[in-house]
Amino acid sequence: MAYTPPSGWVEELDKADLGPRSSAFHRDEHCSAVVNPDRLRPVDKPYSAKLCPTCAKRSH
């Protein structure tokens with residue numbers, strides 16, 4: 001079975017927002033961890049964006 005990456009939202013971040021990451025992947029555009037809602041863009045793959053810890057906890 002092949003891996004199918006999830007779709008969701010990528011938030012472009014300033015380094016001051018959440019450390020050295022430049023982007024965060026959210027499964028939900030209304031995630032409580034979104035820092036800059038105006039910087040969200042829908043994506044069909046997370047690419048190199050790291051999964052948001054809040055979204056990761058909700059997936060279980």
Side-chain angles (χ1 to χ4, degrees):
M1 183 160 72
Y3 170 72
T4 303
S7 60
W9 299 83
V10 169
E11 177 183 13
E12 298 301 323
L13 301 170
D14 292 330
K15 291 189 186 248
D17 290 335
L18 289 175
R21 295 188 292 182
S22 60
S23 58
F25 176 71
H26 299 278
R27 292 186 175 140
D28 177 6
E29 69 178 302
H30 302 291
C31 173
S32 62
V34 171
V35 178
N36 295 303
D38 55 329
R39 292 187 186 169
L40 285 174
R41 60 182 166 84
V43 295
D44 60 349
K45 298 176 186 171
Y47 300 100
S48 63
K50 292 186 180 181
L51 178 61
C52 157
T54 302
C55 291
K57 288 178 187 174
R58 274 191 257 168
S59 68
H60 294 282

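Everything numeric in this text was worked out from a predicted model, so none of it was measured. Throughout, numbering of the chain's residues begins at 1 and tracks the sequence.
Using a 4.5 Å heavy-atom cutoff, the side chains of Glu12 and Asn36 are not in contact. Looking only at side-chain heavy atoms (C-beta outward), Cys31 and Glu11 stay at 4.5 Å or farther from each other. Looking at heavy atoms from C-beta onward, Phe25 lies in side-chain contact with Pro6 at the 4.5 angstrom threshold. The closest side-chain heavy-atom distance from Arg39 to Val34 is not below 4.5 Å. When side chains are defined from C-beta on, Leu51 does not count as touching Pro46, because their heavy atoms never get closer than 4.5 Å.
Atom NZ of residue Lys45 and atom OG1 of residue Thr4 lie 9.5 Å apart, to the nearest 0.5 angstrom.
Between Ala56 and Arg27, the shortest heavy-atom contact is CA-NH1, 4.5 Å.
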